[in-house]
There are 2 protein chains.
Amino acid sequence: MPIDMTPSQALGLWHAVTLELVRQDRRDLTLRQLSILLEIYLVPPPHTVRGLAATLGVTKPVITRALDTMGEQGLVSRVRDERDRRNVVIRRTVEGALFLERLSDLVIASGRSLAPWKTP
Amino acid sequence: MPIDMTPSQALGLWHAVTLELVRQDRRDLTLRQLSILLEIYLVPPPHTVRGLAATLGVTKPVITRALDTMGEQGLVSRVRDERDRRNVVIRRTVEGALFLERLSDLVIASGRSLAPWKTP
DNA sequence: AGGAACCGATCCGGTAGCGTAACGAAATCG
DNA sequence: CGATTTCGTTACGCTACCGGATCGGTTCCT
């Protein structure tokens with residue numbers, strides 16, 4: 001299932017997607033925030049603050065702040081773990097799934113229309 | 001030359017690359033800054049502040065600030081246009097090219113090791 | 001020549017993220 | 001039990017970026 005790309009394709013893909021993300025602006029997510037969001041939605045739960053911090057290689061306050069921001073935007077939600085009430089479990093939301101679905105569409109579309117050999 | 005991807009591949013690719021970018025940290029580029037950098041290096045020159053502002057759909061100060069930051073990091077350089085001294089021409093640098101080359105490597109490597117069907 | 005238009009940079013107040021260091025709550029240990 | 005460890009959060013001072021307005025400097029237009 002791997003994807004093979006040339007350097008030109010790789011950068012072209014990144015160029016197209018970042019450009020479009022900036023253009024439509026809407027949610028101004030940090031690279032870290034986006035990374036957290038993808039981690040939550042692509043890796044099987046449960047997700048905790050310290051777990052994410054370890055995975056991303058950042059401190060815990062970074063995760064807390066990112067969850068604050070994305071929580072306000074409805075992209076994630078937090079629930080106290082009742083089995084160990086010290087923990088907080090990060091949960092997915094419908095809105096977050098929709099956001100990533102749009103990101104996915106953007107990536108796919110950008111990849112498809114990448115440097116069409118001749119014939120623009 | 002297009003690349004065809006499934007939604008899972010698209011998000012998986014983005015996940016792997018952003019995660020690695022966050023992990024190695026180094027230069028903490030904004031999405032906007034990265035977008036500007038890619039625009040400069042992938043689109044034929046000349047590049048001007050107002051041109052980039054129009055392309056990205058942002059205001060001119062945003063471009064100026066981003067060029068300040070990336071200029072300090074040696075990723076781009078600015079030269080006054082002698083034919084029309086109102087303009088500033090944004091130029092590429094060796095260091096900037098190297099940075100994008102590493103980004104390209106990262107994207108390619110992430111794409112290659114994407115959800116290897118069985119047998120890791 | 002002089003006014004208008006243009007270009008990039010700078011100033012302003014405000015917002016959001018950062019790292020370090022603490023904190024309170026909860027579980028575990030001895 | 002109390003002491004210690006483990007969580008996530010908050011406090012603090014700082015830095016970077018934001019949009020909007022404005023600024024000099026330059027060119028264009030008549």
Side-chain angles (χ1 to χ4, degrees), chain A residues 18-19 21-40 45-92, chain B residues 18-19 21-40 45-92:
Chain A
T18 56
L19 188 58
L21 281 178
V22 169
R23 273 220 194 90
Q24 57 190 40
D25 211 14
R26 11 169 101 264
R27 291 184 226 266
D28 186 23
L29 290 188
T30 301
L31 206 60
R32 287 178 169 185
Q33 294 171 339
L34 184 57
S35 181
I36 293 171
L37 196 61
L38 284 163
E39 182 76 17
I40 294 171
H47 296 287
T48 66
V49 171
R50 86 187 173 293
L52 291 172
T55 303
L56 293 238
V58 298
T59 59
K60 290 186 296 178
V62 168
I63 305 295
T64 297
R65 279 188 295 256
L67 293 179
D68 287 344
T69 305
M70 294 192 292
E72 288 173 5
Q73 302 183 359
L75 296 176
V76 297
S77 80
R78 278 182 281 197
V79 176
R80 196 113 232 157
D81 181 359
E82 286 304 330
R83 314 196 315 114
D84 183 342
R85 295 186 45 77
R86 289 174 303 182
N87 291 348
V88 163
V89 177
I90 292 97
R91 299 252 305 275
R92 304 165 184 172
Chain B
T18 56
L19 188 57
L21 281 179
V22 169
R23 274 218 193 92
Q24 56 190 43
D25 212 12
R26 3 168 107 264
R27 292 182 226 267
D28 186 22
L29 291 187
T30 302
L31 206 62
R32 287 178 169 186
Q33 293 171 341
L34 184 57
S35 181
I36 293 173
L37 196 61
L38 284 163
E39 181 75 17
I40 294 172
H47 297 287
T48 65
V49 171
R50 89 185 174 292
L52 291 172
T55 302
L56 293 236
V58 298
T59 60
K60 290 186 297 178
V62 168
I63 305 295
T64 297
R65 278 188 298 257
L67 293 180
D68 287 344
T69 304
M70 294 191 293
E72 288 172 6
Q73 302 184 359
L75 297 176
V76 298
S77 79
R78 278 181 281 197
V79 175
R80 196 110 231 161
D81 181 359
E82 287 303 330
R83 313 198 315 113
D84 183 342
R85 295 185 46 76
R86 289 173 301 182
N87 291 350
V88 162
V89 176
I90 292 98
R91 300 251 305 273
R92 305 166 184 172

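Keep in mind the model is a prediction, meaning the values are calculated, not measured. Numbered from 1 within each chain, the chains take letters A, B, ... in sequence-line order.
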So, does A/R80 use its side chain to make a donor-acceptor pair with the main chain of A/R86 at under 3.5 Å?
yes
Give one of base, sugar-phosphate or nothing for A/T64, where a contact means two heavy atoms less than 4.0 Å apart.
base
Rounded to whole Å, the CG-C1' distance (B/D68 to D/dT15) equals 15 Å
Rounded to whole angstroms, how far apart are CG on B/L31 and P on D/dC17?
14 Å
Using the heavy-atom set of chain B and a strict 4.0 Å cut-off, write down the first and last nucleotide of DNA chain C that makes it in, 5' to 3'.
C/dC6 to C/dT10
Search all heavy atoms of B/L56 against all heavy atoms of B/R32 and return the closest pair with its distance.
CD1-O, 4.1 Å
Heavy-atom closest pair, residues A/R23 and B/T55:
NE-O, 2.9 Å
Whole-Å distance between D/dA16 C1' and B/I63 CD1?
16 Å
Quick test: give all pairs of protein nitrogen or oxygen and nucleotides 21-25 of chain D nitrogen or oxygen below 3.5 Å, distance rounded to 0.1 Å.
none

Hey, does A/L29 have a side-chain heavy atom less than 4.5 Å from the side chain of B/L31?
no
Where is the tightest heavy-atom contact between B/V22 and A/S35, given as atom of each residue plus distance?
CG2-CB, 3.9 Å
So for the helix from C/dA1-D/dT30 to C/dG30-D/dC1, with five pairs setting each end axis, what is the inter-axis angle to 10°?
10°
Measuring from B/E39:CD to A/T18:OG1, what's the distance to the nearest 0.5 Å?
9.0 Å
Whole angstrom value for the distance that separates P of D/dT5 from CG of A/D84
17 Å
B/R91 side chain near B/P45 side chain, heavy-atom distance below 4.5 Å:
no
Where B/M70 and B/Q33 come nearest, the two heavy atoms and their spacing
SD-O, 3.6 Å
Step by step, work out the side chain to side chain contact (heavy atoms under 4.5 Å, CB included) result for B/I40 and B/L52.
CA-CA 9 Å; B/I40 294 172; B/L52 291 172; 4.3 Å; yes
Classify the nucleic acid contact of B/V58 as base, sugar-phosphate or nothing, counting any heavy atom under 4.0 Å across all strands shown.
nothing
Interatomic distance, OG1@B/T64 vs NZ@B/K60, rounded to 0.5 Å, equals 8.0 Å
Are more than 12 heavy atoms from other residues, nucleotides or ligands located less than 6.0 Å from atom CZ of B/R78?
yes
Starting at atom CG of B/L29, determine the distance to atom C1' of D/dA16, rounded to an integer number of angstrom.
13 Å
Using a 4.5 Å cut-off on heavy atoms from C-beta on, say whether the side chain of B/D81 contacts that of B/V88.
no
Given that A/A66 and B/L67 both sit by DNA chain C, which one's nearest nucleotide is further toward the 5' end?
B/L67
Please confirm whether the shortest side-chain N or O distance from B/Q33 to OP1 or OP2 of D/dC17 is below 4.0 Å.
yes
Is any side-chain N or O of B/T69 closer than 4.0 Å to OP1 or OP2 of D/dC17?
yes
5'-most contact on DNA chain C (nearest-nucleotide basis), A/E82 vs B/V89, goes to B/V89
Looking at every strand, decide which applies to A/R50 at a 4.0 Å heavy-atom threshold: base, sugar-phosphate, or nothing.
sugar-phosphate
